[in-house]
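Okay, so here's the structure we're looking at.
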Amino acid sequence: MAVLNLLVDDVVIKSFPLDKGGITIGRAPECDIQIEESSVSSKHARIELLPNPIVSALTEIFIEDLGSMNGTFVNDKQITRLMIQNTDRIRIAFTEFMLVSEETGNLAKTTVLLQ
């Protein structure tokens, strides 16, 4: 199972299992991952887990910014929606996470499909 690790100075403080299809991140109490920081929007970002269309045993994990004021960053690049991979770093305001997943995979990088 994939987890999102909350980091402080590169030390894991807390782990959030990504165990359902859609996970919201933000300041609002109803968010699955709540960040109590004024620079975080009430519903800042969403993580979505989808089965890989080619290999059903693999899961693709996407992160999407939900129109936040301060943006969502993956590996220090601002994104609107992006498929994330194992060890990618996600930053929301001053809060940093790292994705840890052994079951994700980008087939475009590793596989050639013959037709």
Side-chain angles (χ1 to χ4, degrees):
M1 173 190 319
V3 296
L4 201 58
N5 287 330
L6 174 60
L7 303 175
V8 173
D9 295 329
D10 285 333
V11 175
V12 176
I13 301 301
K14 187 171 183 179
S15 293
F16 298 93
L18 303 181
D19 55 2
K20 60 182 187 174
I23 294 151
T24 55
I25 302 170
R27 209 175 61 243
E30 63 269 13
C31 288
D32 300 299
I33 300 174
Q34 189 176 9
I35 303 172
E36 295 181 20
E37 237 181 83
S38 61
S39 54
V40 174
S41 297
S42 57
K43 290 190 178 172
H44 196 102
R46 175 180 166 85
I47 294 179
E48 188 174 23
L49 284 76
L50 299 171
N52 182 287
I54 299 168
V55 180
S56 60
L58 293 178
T59 301
E60 294 180 347
I61 303 174
F62 291 86
I63 187 163
E64 179 178 9
D65 184 85
L66 298 176
S68 69
M69 286 294 287
N70 293 312
T72 300
F73 296 80
V74 175
N75 300 323
D76 292 322
K77 294 181 182 173
Q78 190 168 6
I79 59 96
T80 52
R81 180 175 165 86
L82 181 73
M83 185 167 76
I84 53 178
Q85 302 290 321
N86 188 38
T87 71
D88 278 348
R89 289 181 176 249
I90 295 127
R91 184 170 49 83
I92 295 175
F94 299 105
T95 303
E96 187 173 23
F97 299 92
M98 179 186 284
L99 175 69
V100 177
S101 175
E102 306 219 353
E103 59 188 50
T104 62
N106 185 346
L107 291 181
K109 292 181 183 177
T110 60
T111 304
V112 175
L113 297 177
L114 302 175
Q115 296 184 13

Open item on the list: Test: salt bridge (Lys or Arg N to Asp or Glu O under 4.0 Å). Region: residues 17-28. Which pairs qualify, not counting sequence neighbours?
Closed with: K20-D32
- [ ] Measure across P53 and E60 and return the closest heavy-atom pair with its distance rounded to 0.1 Å.
- [x] CD-OE2, 3.7 Å
TODO: Output the distance between atom CE (M83) and atom CG (L50), rounded to the nearest 0.5 Å.
DONE: 10.5 Å
Open item on the list: Going by salt bridge (charged side-chain N to carboxylate O under 4.0 Å, His left out), name the residues that satisfy it together with K77, two or more places apart in sequence or in a different chain.
Closed with: none
Task: Hydrophobic cluster identity match, L82 and I33, side-chain contacts under 4.5 Å - done: yes
Open item on the list: Show the nearest heavy-atom pair for residues I23 and P17, with the distance to one decimal.
Closed with: CD1-O, 4.4 Å
Task: Test item: I35 and F97 side chains (from C-beta on) under 4.5 Å apart, heavy atoms - done: yes
Open item on the list: Grouping I, L, V, M, F, W and Y whenever their side-chain heavy atoms are under 4.5 Å apart, do L6 and I63 come out in a common cluster?
Closed with: yes
- [ ] Examine L49 and L4 and state if one hydrophobic cluster contains both, with Ile, Leu, Val, Met, Phe, Trp and Tyr joined whenever side-chain heavy atoms are less than 4.5 Å apart.
- [x] yes
- [ ] Kindly say whether G71 contributes a backbone atom to a donor-acceptor pair with the side chain of H44 at under 3.5 angstrom?
- [x] yes
Task: Heavy-atom closest contact (L99 atom, Q85 atom, distance) - done: CD2-O, 3.3 Å
Task: Backbone of I79 reached by a side-chain donor or acceptor of D65 within 3.5 Å - done: no
Open item on the list: Quick check on the hydrophobic clustering: are L58 and I54 connected, directly or via other members, by side-chain heavy-atom contacts under 4.5 Å?
Closed with: yes
- [ ] Go through the side-chain N and O atoms of T95 and E37 and say whether any donor and acceptor fall under 3.5 Å apart.
- [x] yes
TODO: Decide yes or no on side chain to side chain contact (heavy atoms under 4.5 Å, CB included) for C31 and T24, but give the supporting numbers first.
DONE: CA-CA 5 Å; C31 288; T24 55; 3.8 Å; yes
- [ ] For atom CD of E30, decide whether the heavy atoms of other residues, nucleotides or ligands shown that lie under 6.0 angstrom number more than 12.
- [x] yes
Task: Heavy-atom pair with the smallest gap, counting every atom of A45 and I92 - done: CB-CD1, 4.1 Å
Task: Point-to-point distance, once rounded to the nearest 0.5 Å, from CG of N75 to CD1 of I84 - done: 9.5 Å
Using distance only, find each side-chain donor-acceptor pair of residues 7-16 under 3.5 Å and give its atom names and separation, not counting sequence neighbours.
{"residue": "D10", "atom": "OD1", "partner": "R89", "partner atom": "NH1", "Å": "2.7"}
{"residue": "D10", "atom": "OD1", "partner": "R89", "partner atom": "NH2", "Å": "3.0"}
{"residue": "S15", "atom": "OG", "partner": "N5", "partner atom": "OD1", "Å": "2.4"}

Open item on the list: Keeping N86 on the side-chain end and S101 on the backbone end, is there a donor-acceptor pair under 3.5 Å?
Closed with: yes
Open item on the list: How close do S39 and N70 get, counting heavy atoms only, and between which atoms?
Closed with: O-ND2, 2.7 Å
Open item on the list: Using 0.5 Å steps for rounding, measure from the CZ atom of R46 to the CD1 atom of I25.
Closed with: 10.5 Å
